[in-house]
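Worksheet: the structure to be examined is printed underneath.
Numbering of residues begins at 1 and proceeds along the displayed sequence. Basis for what follows: all heavy atoms, side chains included, without hydrogens, waters or symmetry-related copies.
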Amino acid sequence: MPGFSRLAAAAIGMIAACLIALPVIAAASAELYQAQAIVTGTGEVNRQVGFKDCLDKVLVKVSGDQRLTQKPEMLALRDKAADFVQSFRYRDRLEGIPIHDEQGTHDRPHDLTCIYKPAVVDKLLAQLGSRPWLGERPPIAVFMTAEQGSRHFMLTADEDQGNAMRESFANAAGPLLMRITFPKAGQLGGLGEKALSGADMTRLDKLAKKAGAVRALAGSIVWSDKELGWIADWRLADRGRTYRWQVRGVSFDEAFRVAIRGTAQILSGHGQP
């Protein structure tokens, strides 16, 4: 009987653990299978535009594969974007601000959030030759240098010049449910700006773990007057291979979106960005 009691207690404990975990899993799934777009007003025409934008975003978010939106099959799917939405809601981005003279509600920007059934999105991904990227997405530590003329610095957690860039990076990570962190200056292992550009990714991955992350994303952004924007180079190691990708002549907001989308594509098993 004592053995039975211990067995029963263990079984009850396992059931309780599962019941506790279920809401967490459900919440993560619910967040994964939704997307948000900014629309002007709540009218039907703008809603349809928002549905198309949300379809692109949810497919990339769930799969991690940014290349899906470039597939020719997407043209037909976008035309039926409303059919795939389970429900949607609006949030007035100017909530609390009175409507201006000659401004109607159709002129006000709104966040349109679209919610999808997982089975519907998973079926669309299969049609596109892709698959869901499920499970916890690993936190990434960003090791980056920035250069604009005579101004240059390493983007660390305790560096004042990079406040806007850190915020922009976080904004880029949110839509893909990616989590990022920035090492403190004391967690760089003595690496300077020049050494970082040639640092081995194995070494950076070890430093990333000390910064509370799982993997390192290394890169640099350099302002180019010729390109009228930033030139950004990124590196990430996965499954024994180091991937490199670049974008030129963009805002640093877009440079960071390219960094995050590329990271998601690699870690989800979809290959070279």
Side-chain angles (χ1 to χ4, degrees), residues 35-38 53 56-57 60-61 63-70 137-185 188 191-199 201 204-205 207-208 211 213-238 241-268 270-273:
Q36 190 176 89
I38 299 175
D53 190 13
D56 282 9
K57 288 178 177 177
V60 172
K61 182 181 187 180
S63 69
D65 188 358
Q66 62 179 323
R67 299 169 301 181
L68 292 182
T69 59
Q70 305 302 317
R137 303 190 173 187
I140 304 298
V142 178
F143 295 82
M144 192 196 87
T145 59
E147 179 181 338
Q148 186 175 22
S150 60
R151 178 174 173 255
H152 54 88
F153 59 92
M154 296 182 71
L155 187 63
T156 61
D158 45 7
E159 193 283 320
D160 291 338
Q161 295 183 77
N163 287 335
M165 289 187 176
R166 285 192 294 270
E167 182 179 355
S168 176
F169 236 127
N171 290 339
L176 288 177
L177 297 184
M178 299 290 289
R179 293 174 293 156
I180 60 167
T181 186
F182 301 93
K184 295 181 179 180
L188 293 174
L191 285 175
E193 293 180 42
K194 291 184 179 180
L196 177 59
S197 63
M201 290 304 301
L204 294 181
D205 280 341
L207 292 176
V214 172
R215 200 70 62 84
L217 170 65
S220 65
I221 61 170
V222 179
W223 175 261
S224 170
D225 290 332
K226 181 180 179 181
E227 299 279 354
L228 296 177
W230 296 91
I231 299 173
D233 291 276
W234 305 106
R235 291 184 291 145
L236 183 84
D238 186 56
R241 175 183 171 184
T242 296
Y243 293 84
R244 300 173 184 270
W245 65 106
Q246 184 189 78
V247 65
R248 306 175 68 89
V250 298
S251 67
F252 66 69
D253 292 320
E254 179 61 17
F256 301 153
R257 284 191 287 266
V258 168
I260 293 296
R261 289 196 297 258
T263 298
Q265 182 169 316
I266 294 165
L267 296 181
S268 62
H270 289 101
Q272 178 67 42

Using modelled atom types and a 3.5 Å cut-off, is there a donor and acceptor pairing between side-chain atoms of [X] and backbone atoms of [Y]?
X	Y	value
S268	A264	yes
R215	A237	yes
Q272	R244	yes
K57	Q36	yes
W234	V258	no
D56	D53	no
R67	H270	yes

*For R248, which residues count as a side chain to side chain donor-acceptor pair (under 3.5 Å) partner, sequence neighbours excluded?*
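R248 satisfies side chain to side chain donor-acceptor pair (under 3.5 Å) with E227, Q246 only.
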[atom2] on [Y] to [atom1] on [X], rounded to 0.5 Å:
X	Y	atom1	atom2	result
L196	K194	CG	NZ	13.5 Å
K226	I231	NZ	CD1	9.0 Å
Y243	L267	OH	CG	9.5 Å
R261	E254	CZ	CD	5.0 Å

*Of the non-hydrogen atoms in L191 and A195, which two are nearest, and what is the gap between them?*
CD2-CB, 3.7 Å
*For the residue pair W230 and W223, categorise the inter-ring angle as parallel (less than 30°), tilted (30 to 60°) or perpendicular (more than 60°).*
perpendicular
